[in-house]
2 protein chains.
Amino acid sequence: MSIEEKQKLQRNDRVTIRTVATHAGVSVAAVSKVMRNAYGVSDALRARVTDAIEALAYRPSRAARGLRGRSFTIGVLLIDIRNPFLPEVIAGVNGVLAPSHYQAMIGVSDARVQLETSLIESMIDYKMDGLILVAPRLPSEILAKFAVQIPIVAVGYHDASATAFDTVNADDQRGAEIAVEALLACGYRDIEMLSLGERQGHAVSVVRQREIGFRRAMQRGGLGSSPAIGKIPIASPKREEAMRKFLSRKDRPRAVFCWSDLDAITLLSLAMEMGVRVPEDLAVIGYDNSSTAALGLVNLASIDQSGRELGQVATRALISRIEGRTASEHILQIPSLVSRNSLTRSGNSTDR
Amino acid sequence: MSIEEKQKLQRNDRVTIRTVATHAGVSVAAVSKVMRNAYGVSDALRARVTDAIEALAYRPSRAARGLRGRSFTIGVLLIDIRNPFLPEVIAGVNGVLAPSHYQAMIGVSDARVQLETSLIESMIDYKMDGLILVAPRLPSEILAKFAVQIPIVAVGYHDASATAFDTVNADDQRGAEIAVEALLACGYRDIEMLSLGERQGHAVSVVRQREIGFRRAMQRGGLGSSPAIGKIPIASPKREEAMRKFLSRKDRPRAVFCWSDLDAITLLSLAMEMGVRVPEDLAVIGYDNSSTAALGLVNLASIDQSGRELGQVATRALISRIEGRTASEHILQIPSLVSRNSLTRSGNSTDR
DNA sequence: CGTTATATGGAGAACGTTCTACAACTCGTC
DNA sequence: GACGAGTTGTAGAACGTTCTCCATATAACG
């Protein structure tokens with residue numbers, strides 16, 4: 001009997017919980033208990049087991065764990081990997097996770113609803129312990145349906161009425177207001193927003209929120225009831241084309257607020273090529289305060305929403321949800337202005 | 001009694017292969033066979049099963065799959081997520097994977113060997129089908145040990161003698177040579193390289209390869225037997241400090257080759273701030289041809305290694321290895337120069 | 001009409017964990 | 001000394017697949 005078992009164990013090269021149990025002279029259940037530090041293990045037993053684990057360099061199979069219980073993995077879904085804002089979020093997530101026994105696995109949906117769905121499903125099927133969705137495209141009802149199966153925290157997704165999942169956001173309405181207020185303070189009155197084209201869909205998206213904030217601040221400033229919002233397509237070469245068109249317009253505004261640094265920086269670059277001086281002819285303010293914006297060469301004023309902080313907060317929220325919280329939380333961080341030369345010539349960086 | 005209970009429990013929770021089998025009136029094994037399209041299923045059976053799968057919206061559990069057989073997931077390990085070169089690789093991987101039934105899960109090691117090891121182990125423990133490691137830090141022997149357990153393709157890791165795993169690279173030595181040749185062709189003789197500080201370790205790293213290529217091209221050009229290679233620390237603020245120091249050096253060279261656009265762009269920016277004219281006072285050439293380099297505002301000449309293509313090639317190599325290939329492959333792509341104004345004032349982009 | 005080959009479908013043992021019962025043992029306490 | 005109460009360890013049933021036999025039905029052939 002035991003000979004057969006030993007032969008089996010020898011043939012199979014993987015060290016399993018059973019190998020550890022045999023080596024330590026205890027039961028499989030005991031080893032499991034020690035690993036999950038569950039109730040009811042004496043110090044002596046714990047020592048024997050940890051010694052055996054050490055000696056055999058045992059690692060529990062995540063696949064098997066997932067089949068039965070927790071997998072100690074959390075999934076992160078990114079809409080896109082090019083926007084430099086997103087790596088910041090990841091850094092925040094990893095920072096919080098590092099000292100814990102959790103690990104992050106990342107999926108990239110490339111803004112495609114189909115892929116987004118199948119990645120979320122995969123993560124559920126892997127029995128991951130929770131999900132952080134960054135700027136998901138799926139409607140709230142569908143997220144709610146997923147949230148029944150797995151704890152979910154959405155970042156960059158404005159739905160404070162969601163009860164099934166948490167949200168963590170920078171206040172994008174407020175951010176846009178701050179941008180407009182800064183432009184007004186510099187004396188500009190003729191202001192336009194360059195927003196994201198394509199049907200970025202739902203009002204929950206950060207872009208639509210920024211549009212709302214922009215409109216409100218403009219109205220509050222007494223600048224018309226429906227201020228101009230231009231749409232820039234997301235993909236080259238239509239994107240550059242639209243920007244050139246904007247820059248060469250006769251009635252081009254005096255100042256522009258771009259939904260993202262990504263667009264603002266390209267705009268800055270095209271402006272230079274076309275001989276439009278910034279900020280003398282056109283003031284520009286972006287969003288995200290990316291590292292590129294901070295370059296002296298670029299010097300783009302921008303709204304700072306700390307992606308790293310959002311990632312940290314989201315991760316902490318997710319863990320608390322995994323550990324039992326059921327009431328939903330909706331966290332809003334306040335963004336801030338980083339003034340630079342694209343706003344006004346004296347606009348020294350107020351970077352921390 | 002017990003049957004009813006079992007049914008209830010099943011209805012409570014998820015749709016499993018058993019639910020499908022019951023619904024289609026066939027055995028569990030039959031469903032499994034259909035899903036893996038294994039030998040020995042009639043058209044009639046296949047139809048019944050696929051109908052049931054459709055009707056129940058059944059998805060196999062990846063956790064359970066991994067426990068027994070394949071998981072249809074491949075793991076991608078990134079050293080860092082900030083370098084804009086890496087998202088390109090991911091895009092290539094996802095592009096190839098999209099039409100297949102495989103999916104990618106990404107882990108980020110933040111250049112820490114400890115984390116890198118534990119992520120690789122996790123991916124193995126998830127029974128992923130294969131791994132793509134992008135610029136791993138672990139020594140070759142250790143990768144070889146992992147490669148026994150799981151198919152591995154390393155990208156940005158120069159070890160053409162590895163037999164246990166494949167490598168896919170741009171020819172970094174050649175890339176550096178091309179950079180030097182371009183600088184020589186512009187008439188510059190006083191050339192220095194700015195490389196990456198810290199112990200980026202092994203000769204397998206792309207950075208060291210570029211140093212080798214730089215040295216060789218310089219010697220070939222008759223410019224001394226040990227040309228100058230400066231080291232720039234990776235982390236702020238020491239990084240900027242080192243660059244400023246370089247820029248204000250009395251014996252500053254006439255031209256500089258940076259190991260990465262990341263550094264070259266910051267250098268460009270600091271040069272502007274410090275009144276060093278590019279290219280009149282200092283010619284700069286970078287590496288990666290990132291999208292920022294292409295901006296008119298930046299206009300940085302750079303060596304193009306298509307990250308996307310590397311990702312595609314690596315993925316195809318991995319799949320062929322998963323499907324049975326055992327002989328190792330070592331693929332080398334040839335990079336190319338993209339000339340821009342930082343190299344010489346007339347240096348128009350030769351972008352495709 | 002047997003006999004043998006060949007398709008097709010099914011039973012049931014893994015896979016490596018977790019976790020619920022429950023057994024065994026040690027103390028107090030009445 | 002009998003009986004709870006508390007503590008420590010174990011047996012064994014899940015979890016949802018894959019995959020190796022095995023059984024059966026059908027076809028082919030002498």
Side-chain angles (χ1 to χ4, degrees), chain A residues 4-5 8-9 11-22 24-49 53 56 58-73 101 121-122 124-129 149, chain B residues 2 5-6 8-10 12-22 24-49 52-53 56 58-73 121-122 124-127 129 149:
Chain A
E4 265 183 38
E5 269 189 326
K8 260 190 185 174
L9 289 174
R11 192 168 34 163
N12 193 347
D13 48 347
R14 176 165 190 121
V15 176
T16 76
I17 197 174
R18 221 171 305 272
T19 326
V20 176
T22 311
V26 299
S27 73
V28 168
V31 179
S32 177
K33 269 187 176 176
V34 169
M35 302 218 343
R36 297 172 286 126
N37 46 42
Y39 173 84
V41 266
S42 65
D43 289 351
L45 180 75
R46 177 179 309 278
R48 278 236 298 283
V49 170
I53 288 177
L56 297 169
Y58 164 70
R59 311 189 307 260
S61 153
R62 277 181 129 86
R65 272 193 154 166
L67 191 53
R68 197 65 181 81
R70 312 249 304 257
S71 65
F72 293 102
T73 306
H101 44 313
E121 289 176 349
S122 278
I124 292 174
D125 298 343
Y126 262 123
K127 280 269 179 66
M128 292 189 174
D129 296 334
Q149 307 176 57
Chain B
S2 69
E5 270 188 329
K6 272 193 178 176
K8 262 190 183 174
L9 287 174
Q10 277 186 3
N12 262 352
D13 267 318
R14 72 179 284 148
V15 177
T16 76
I17 198 174
R18 224 170 303 273
T19 327
V20 176
T22 312
V26 299
S27 74
V28 167
V31 178
S32 177
K33 272 186 179 175
V34 169
M35 302 219 341
R36 297 173 286 126
N37 44 41
Y39 173 81
V41 262
S42 65
D43 290 352
L45 180 77
R46 177 180 306 279
R48 278 234 299 283
V49 170
I53 288 176
L56 297 168
Y58 164 69
R59 309 188 310 258
S61 153
R62 280 181 126 84
R65 273 193 154 167
L67 190 54
R68 198 64 180 82
R70 311 248 303 256
S71 67
F72 292 102
T73 305
E121 288 176 349
S122 277
I124 292 173
D125 297 343
Y126 262 124
K127 279 268 178 67
D129 295 333
Q149 306 176 55

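Order of the sequence lines fixes the chain letters, A, B, ..., with proteins taken first and strands second; residue numbering starts at 1 for each chain. These numbers come from the heavy atoms of this one structure, side chains and all, not from hydrogens, waters or symmetry mates.
Among the nucleotides C:dA11, D:dT17, C:dC15, the one closest to any side-chain atom of B:L67 is C:dC15. Set against D:dC19, C:dG16, D:dG16, the side chain of A:R14 has C:dG16 as its closest nucleotide. Distances from the side chain of B:R68 to the nucleotides D:dT8, D:dC19, D:dA14 place D:dC19 closest. In the set D:dT18, C:dT8, D:dG12, the nucleotide with an atom closest to the side chain of B:S32 is D:dT18. Checking C:dG16, D:dG16, D:dT18 against every side-chain atom of B:R18, the shortest atom distance belongs to D:dG16. Taking only side-chain atoms of A:R65, from C-beta outward, the nucleotide of D:dT18, C:dT18, C:dA11 with the closest atom is C:dT18. Residue B:S42 places its side chain closer to C:dT8 than to any other of C:dT8, D:dT17, D:dC19. If you check D:dT17, D:dG12, C:dA7 against the side chain of B:S61, the one that comes closest is D:dT17. In this structure, of D:dT17, C:dC19, D:dT8, it is D:dT17 that holds the atom nearest to the side chain of B:P60.
Between B:A21 and B:V28, the shortest heavy-atom distance links the atoms CB-N, 3.8 Å. The nearest pair of heavy atoms linking B:R62 to B:F72 is NH2-O, 3.0 Å.
In this structure, the CD1 atom of A:I124 is 14 Å from the P atom of D:dG16, given to the nearest Å. The separation between A:I17 atom CD1 and D:dT10 atom C1' is 13 Å, rounded to whole Å. Across the protein-nucleic acid pair, B:R46 atom CZ and C:dA7 atom P stand 15 Å apart, rounded to whole Å. Atom CG in A:D125 sits roughly 9 Å away from atom P in D:dT17 (whole-Å rounding). Protein atom CE of B:M35 is 11 Å distant from nucleotide atom P of D:dC19, rounded to whole Å. Taking atom OH on A:Y39 and atom P on C:dT20, their separation rounds to 15 Å, with Å as the unit. Between A:R62 atom CZ and C:dC15 atom P the separation is 22 Å, expressed in whole Å. As a whole-Å value, the separation of A:R48 CZ from D:dT8 P is 14 Å.
Comparing B:K127 and B:V41 against DNA chain C, the residue whose closest nucleotide sits nearer the 5' end is B:V41.
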List the steps, then state whether side chain to side chain contact (heavy atoms under 4.5 Å, CB included) holds for B:I53 with B:M35.
-> CA-CA 10 Å; B:I53 288 176; B:M35 302 219 341; 4.1 Å; yes
Given A:N37 and A:R46, is the side chain to side chain contact (heavy atoms under 4.5 Å, CB included) satisfied, shown in steps?
-> CA-CA 9 Å; A:N37 46 42; A:R46 177 179 309 278; 3.9 Å; yes
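Proximity of a side-chain donor or acceptor of B:R14 to a complementary backbone N or O of B:R59 within less than 3.5 Å is detected.
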